[in-house]
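Sequence positions, counted from 1, serve as the residue numbers for this chain.
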Amino acid sequence: MNGWLVIGAIGLLLVGVGLSWRHWAVAMLALARRRAGLRRHTVGVDGFELVYYAGGPRSAEPLIFLHGFSADSSNWLLLAPHFRDYRVLVPDLPGFGETGYLGNKSYALDCQVARLKDFIDILRLERVHLVGNSLGGYLAAAFAAAHPERVASLGLFNAAGVDMPKRSPFYEAALAGDNLLLLRKPADFDAILKLVYHRKPYLPGFLRDHLIALGMAQAADQDLIFQEVFGQRVWLDDKLPSISAPTLILWGDDDRVLDISSIQLFKAGIPHAKIAILAQCGHVPMLEKPRPTARLLRQLLEEGRFKPSQPE
C-alpha cells in the first residue's frame, strides 16, 4: 500500500476523534513516526537543540539517515520500518526541520561535518552505517572521507557533491540565481513535487496545507543556507578516494535535481562502489521506491556488518 495513503488513513482517524484542522498534520506525522517505530529525542550540538528520531534495539548496529535540502527526518518514514533490526537514527540536520535555523551559525560543509561527528560522539557510537540523500548524501560522503574509520557502510542516494557532467534543470536554474526547491508561494509546491518525483504522489489535503505553510515559513532561512553552500560549491572529487567503506551509489533514472551523470564522477572517486539505478524514479528513491531501495540498502548493510572483535 502506498505510504502516503496509509498516512491519509491515519488523518481520517484523527478527524473522527475531533482533532482540530490546525493540528491534524502534526499529529498525523507523529503517529506515522510511531508506526515506523521512531521516538523523538534531542541532544545539544554546537548551540543547536538537535532533534532526532530513533528506533530499534539500542544494542544493534547504528544506521543513520541524513535528509536533503529543504527536507527533514520525515523523508525517511517509508524506509525506516524496513530496518527495525538496526538502531535507526534520523536527525533533523542543523538549519532544517525541528532542529531549526540559527542566524549566527555557518552551514558550510565543514561545519556540518563537524556537527555530525559531534552527534555521533555524543551518542558514543564508534562506527555507523551512514546513508544520505541529496544534500545529506553530500554530508555523508564528506564525513566518510574525513573519518573513514567511523563508517561501516555508506549509502549515497542521488547525492550532491560533484559537478555533474550534464546539468540538470535544477542546477541550470541555480546557476541563474533561482532555487527551484524553495517554497515561496503555494503554487511552488506542485512545481517542487514535479521536480523531485518521477510521478507526483498523492498527499492528503491537510498534509499538503501543512507542508506548504511550513515550507513558506522556512524559505528565507533555507535560501541563506543554500546561498552559502551553493556559493562555495566544495566538490568532493579529491576527497572521495579516502572513502574505504562498502558503498552503494543509488540514483533514480529521472532525477531533475541532480543529474544521473553524477554517478560517473562518484564512481571515479570511489572505484569499489556498487551502482544501482531505479527505473521511473526521481530524486528521492526512499520515498518514491521504498521497497526496492530497502532491498538494495539491506545488501549494502550486510556487506558492511560489524566484524566481531578478535581476542588479542
Side-chain angles (χ1 to χ4, degrees), residues 1-15 17 19 23-43 50-68 70-93 96-99 119-120 123 125 128-134 136-137 140 153 155 157-158 193 196-197 201-204 206-208 210-211 214 248 250 278 281 283-302:
M1 187 177 185
N2 183 292
W4 294 118
L5 291 178
V6 173
I7 289 174
I10 293 172
L12 291 176
L13 290 175
L14 295 175
V15 175
V17 299
L19 200 62
H23 297 296
W24 281 4
V26 173
M28 176 272 297
L29 286 170
L31 282 175
R33 287 188 173 101
R34 291 182 68 86
R35 179 177 176 272
L38 301 174
R39 300 292 184 271
R40 187 182 189 274
H41 301 268
T42 63
V43 64
L50 190 148
V51 174
Y52 69 98
Y53 288 85
R58 287 182 59 85
S59 60
E61 296 183 14
L63 169 58
I64 299 178
F65 291 120
L66 304 177
H67 64 77
S70 75
D72 60 25
S73 56
S74 67
N75 269 27
W76 301 99
L77 280 176
L78 302 184
L79 191 66
H82 294 273
F83 298 96
R84 294 179 188 271
D85 52 330
Y86 284 83
R87 183 183 179 186
V88 173
L89 301 163
V90 195
D92 280 345
L93 294 172
F96 303 95
E98 294 179 72
T99 298
F119 174 68
I120 292 171
L123 295 185
L125 305 175
V128 302
H129 301 280
L130 192 58
V131 179
N133 169 240
S134 193
S153 66
F157 295 0
N158 298 62
L193 289 183
V196 169
Y197 286 86
Y202 163 78
L203 291 176
F206 54 86
L207 177 59
R208 176 191 177 86
H210 170 72
L211 294 176
L214 194 62
L248 169 66
L250 175 66
L278 294 179
C281 182
H283 186 60
V284 283
M286 67 286 188
L287 285 171
E288 194 163 12
K289 301 281 185 178
R291 290 184 183 276
T293 298
R295 286 195 296 269
L296 291 164
L297 178 55
R298 174 75 59 180
Q299 293 170 12
L300 172 71
L301 296 176
E302 289 298 325

For Arg40, salt bridge (charged side-chain N to carboxylate O under 4.0 Å, His left out) partners two or more places apart: Glu98
Just jot down the side chain to side chain contact (heavy atoms under 4.5 Å, CB included) partners of Leu211, sequence neighbours excluded, or say none. Phe189, Leu203, Leu207
Gap separating the CZ atom of Phe83 from the CG atom of Leu301, nearest 0.5 angstrom: 5.5 Å
Any side-chain heavy atom of Thr99 within less than 4.5 Å of one from Pro91? no
Taking all non-hydrogen atoms of both residues, which atom of Ser153 and which atom of Leu300 are closest, and how far apart? CB-CG, 3.9 Å
Measure the spacing between CG of Leu77 and CG of Leu38 and express it to the nearest 0.5 Å. 6.5 Å
For Ser73, what residues pass the side chain to side chain contact (heavy atoms under 4.5 Å, CB included) criterion, not counting sequence neighbours? Arg33, Tyr53, Val90, Asp92
So, using side chain to side chain contact (heavy atoms under 4.5 Å, CB included) as the criterion, who are the partners of Arg34 when residues are at least two apart? Arg39
Aromatic ring pairing Trp76/Phe65, orientation class (parallel under 30°, perpendicular over 60°, tilted between): parallel
Least distance between heavy atoms, Arg87 atom then Leu123 atom: NH1-O, 4.4 Å
Kindly write out the residues that satisfy side-chain hydrogen bond (donor to acceptor under 3.5 Å, both in side chains) with Asn133, not counting sequence neighbours, or none if the list is empty. none
I'd like to check the ring pair (Phe, Tyr, Trp, His ring centres under 6.0 Å) partners of His67; sequence neighbours left out, ordered by chain and number. Phe96
Mind checking side-chain hydrogen bond (donor to acceptor under 3.5 Å, both in side chains) for Asn75 and listing every partner two or more places apart, or none if nothing turns up? none
Minimal heavy-atom distance between Leu278 and Pro285, with the atoms involved, is CD1-CB, 3.8 Å
Would you say the side chain of Leu89 lies within less than 4.5 Å of the side chain of Leu125, judging by non-hydrogen atoms? yes
Would you please name every residue forming a salt bridge (charged side-chain N to carboxylate O under 4.0 Å, His left out) with Arg208, sequence neighbours left out? Asp190
Here the salt bridge (Lys or Arg N to Asp or Glu O under 4.0 Å) pairs for residues 50-65, sequence neighbours left out, are Glu61-Arg305
Tell me every residue that passes side-chain hydrogen bond (donor to acceptor under 3.5 Å, both in side chains) with Arg295, counting only those two or more places apart in sequence or in another chain. none
Do you know which two heavy atoms are closest between Leu287 and Leu78, and how far apart they sit? O-CD1, 3.7 Å
Atom CE in Met286, atom CZ in Phe157: separation rounded to 0.5 Å? 8.0 Å
Would you please name every residue forming a ring pair (Phe, Tyr, Trp, His ring centres under 6.0 Å) with Tyr52, sequence neighbours left out? His41, Phe119
Find the distance between CG (Leu93) and CG (Asp72) and round it off to the nearest 0.5 Å. 10.0 Å
What are the two closest heavy atoms between Gly68 and Ser134, and how far apart are they? CA-CB, 4.1 Å
Which residues share a salt bridge (charged side-chain N to carboxylate O under 4.0 Å, His left out) with Arg84, sequence neighbours left out: none
